[in-house]
> 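A single structure is presented below for examination.
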Amino acid sequence: MVKVEFTDEYQKILWQISLFKDMDNSLQRRLPQELELSVYEVARKEIVLKQDTYCNHLYVLLKGELEVNIVDVAGNLVKVEDIRAPRAFATPHLFGDKNLLPATFTASEDSVLLMATRSSVFKLISSVPDLLHRFLCVTGNCNKCTVTRLRILSYKMLRSRLVYYFMEHKISPDTALLEHNQVQLAEYLGVTRPALSKEINKMMKEGLISINKKVVTLEDMAALKEYI
């Protein structure tokens with residue numbers, strides 16, 4: 001990683017993340033002064049943070065994309081999610097006695113990362129109740145994503161994992177949006193792409209689902225729910 005200047009452009013991007021969005025102008029002026037900030041350019045495929053290392057900063061992805069992976073007890077690499085900028089991440093692990101990162105974060109394209117020290121973040125959010133509330137909300141949303149991911153992987157059957165994915169990505173009572181292409185979805189579900197493609201085709205032939213581009217129609221909701 002290469003350290004760069006915290007420019008006005010990066011500052012404007014920082015105001016876009018949910019933690020700082022639509023904040024009072026006076027608080028926006030305080031942030032660069034009171035937070036101990038560092039900004040880095042990260043090259044594609046470079047590891048930003050490693051699993052089981054300490055989380056000592058608030059991390060904000062200002063530009064680019066990160067791939068999040070966990071190495072399980074068997075040594076297998078399990079994809080958790082992709083993080084698109086601008087977004088804060090790993091917030092649930094910033095404070096606590098054992099604040100170890102549960103995953104490895106790798107740049108999947110050239111990216112820009114902002115880091116603020118834990119002590120300066122704590123001091124600021126402790127003095128601003130609205131910012132503390134925002135931080136807790138962001139942390140809660142991160143935990144929700146983790147629970148969803150673990151719930152998917154808890155199913156042994158690929159079909160069950162697929163059905164749960166569809167249910168979690170519903171955009172109407174009987175349709176879901178595919179947020180991943182087949183390669184990404186296979187990694188997300190922890191299976192091979194051929195196995196995923198075969199299962200999707202079987203479900204379509206059985207009349208359980210139909211797919212038009214990225215929209216999945218859940219044709220037989222009652223039958224689908226039996227798998228989860």
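Along the sequence shown, residues carry numbers from 1.
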> Can you name the closest pair of heavy atoms from Phe166 and Ala176 and give their distance?
O-CB, 3.3 Å

> Got a donor-acceptor contact below 3.5 angstrom from the Thr104 side chain to the Gln51 backbone?
yes

> Any chance the side chains of Glu219 and Ser210 put a donor and an acceptor closer than 3.5 Å?
yes

> How long is the span from the CG atom in Leu62 to the CD atom in Gln11, to the nearest 0.5 Å?
11.0 Å

> Is the His93 to Tyr54 ring centre distance short of 6.0 Å?
no

> Should the heavy atoms of other residues, nucleotides or ligands under 6.0 Å from CZ of Arg193 be counted, would the total exceed 12?
no

> For Val138 and Ser18, which heavy atoms make the closest approach, and how far apart are they?
CG2-OG, 3.5 Å

> Taking all non-hydrogen atoms of both residues, which atom of Leu94 and which atom of Leu58 are closest, and how far apart?
CD1-N, 3.8 Å

> Consider only side-chain heavy atoms of I, L, V, M, F, W and Y, link residues closer than 4.5 Å, and tell whether Met157 and Tyr165 are in one cluster.
yes

> Supply the atom-to-atom distance Cys55 SG to Leu101 CG, rounded to the nearest 0.5 angstrom.
5.0 Å

> Between Thr139 and Phe135, does a side chain to side chain contact (heavy atoms under 4.5 Å, CB included) hold up when you go through it step by step?
CA-CA 6 Å; Thr139 298; Phe135 182 84; 3.6 Å; yes

> Under a 4.0 Å N-O cut-off, is there an ion pair linking Asp130 with Arg134?
yes

> I'd like to know if the side chain of Ser120 and the backbone of Leu35 have a donor-acceptor N/O pair within less than 3.5 Å.
no

> Check whether any side-chain N or O of Asp110 sits under 3.5 Å from a backbone N or O of Arg44 as a donor-acceptor pair, and report yes or no.
yes

> Roughly how far apart are His133 NE2 and Ile125 CD1, rounded to 0.5 Å?
13.0 Å

> Is the cationic atom of Arg161 (NZ for Lys, CZ for Arg) positioned less than 6.0 Å from the six-membered ring centroid of Tyr155 and within 45 degrees of its normal?
no

> Measure the CH2-CG distance between Trp15 and Leu31 for me, rounded to the nearest 0.5 Å.
4.5 Å

> Step by step, work out the side chain to side chain contact (heavy atoms under 4.5 Å, CB included) result for Tyr59 and Leu113.
CA-CA 7 Å; Tyr59 301 103; Leu113 176 71; 4.3 Å; yes

> Ignoring hydrogens, what is the shortest heavy-atom contact between Arg87 and Ile17? Give both atom names and the distance.
N-CG2, 3.7 Å

> Would you call Arg29 and Glu34 a salt bridge, taking side-chain N to carboxylate O under 4.0 Å as the test?
no

> Could you tell me the separation between the CE atom of Met221 and the CG atom of Leu208, rounded to the nearest 0.5 Å?
11.0 Å

> Okay, side chain of Glu199, backbone of Leu158: is any donor-acceptor separation there less than 3.5 Å?
no

> Could you tell me whether the side chain of Ser127 and the main chain of Leu124 form a donor-acceptor pair under 3.5 Å?
yes

> List the steps, then state whether side-chain hydrogen bond (donor to acceptor under 3.5 Å, both in side chains) holds for Ser108 with Glu65.
CA-CA 6 Å; Ser108 48; Glu65 182 177 78; 3.0 Å; yes

> Please determine which of Lys198, Met204, Met203 meets the side-chain contact (heavy atoms from CB on, under 4.5 Å) test together with Ile200.
Met204

> If you take all heavy atoms of Pro86 and Ile13, which pair is closest and at what distance?
CB-CG2, 3.6 Å

> Looking at Ile209, is its backbone amide N or carbonyl O close enough to the side chain of Thr217 to form a donor-acceptor pair, meaning the two atoms are under 3.5 Å apart?
no

> Report the C-alpha separation of Val39 and Val112 in whole Å, then their side-chain angles, then the decisive distance to 0.1 Å, and conclude whether the side chain to side chain contact (heavy atoms under 4.5 Å, CB included) test is met.
CA-CA 7 Å; Val39 181; Val112 177; 3.6 Å; yes

> Could you tell me whether Lys45 and Glu67 have a side-chain N and a carboxylate O separated by less than 4.0 Å?
no

> So how far is it from Arg30 CZ to Asn25 CG, rounded to the nearest 0.5 Å?
13.5 Å

> Hey, is the main chain of Gln184 close enough, under 3.5 Å, to the side chain of Asn181 for a donor-acceptor pair?
yes

> Could you walk me through whether Lys21 and Gln16 pass the side chain to side chain contact (heavy atoms under 4.5 Å, CB included) test, one step at a time?
CA-CA 5 Å; Lys21 190 175 183 180; Gln16 296 175 23; 5.9 Å; no

> Minimum heavy-atom separation for Ala103 and Val68, please, with both atom names.
CB-CG1, 3.5 Å

> Scan residues 103-125 for pairs that pass ring-ring contact (aromatic ring centres under 6.0 Å, His included), counting only residues two or more places apart or in two chains.
Phe89-Phe105, Phe95-Phe122

> So does Ile171 get a backbone contact from the side chain of Thr175, meaning a donor-acceptor N/O pair under 3.5 Å?
no

> Please check: side-chain N/O of Ser111 versus main-chain N/O of Glu109, any donor-acceptor pairing under 3.5 Å?
yes

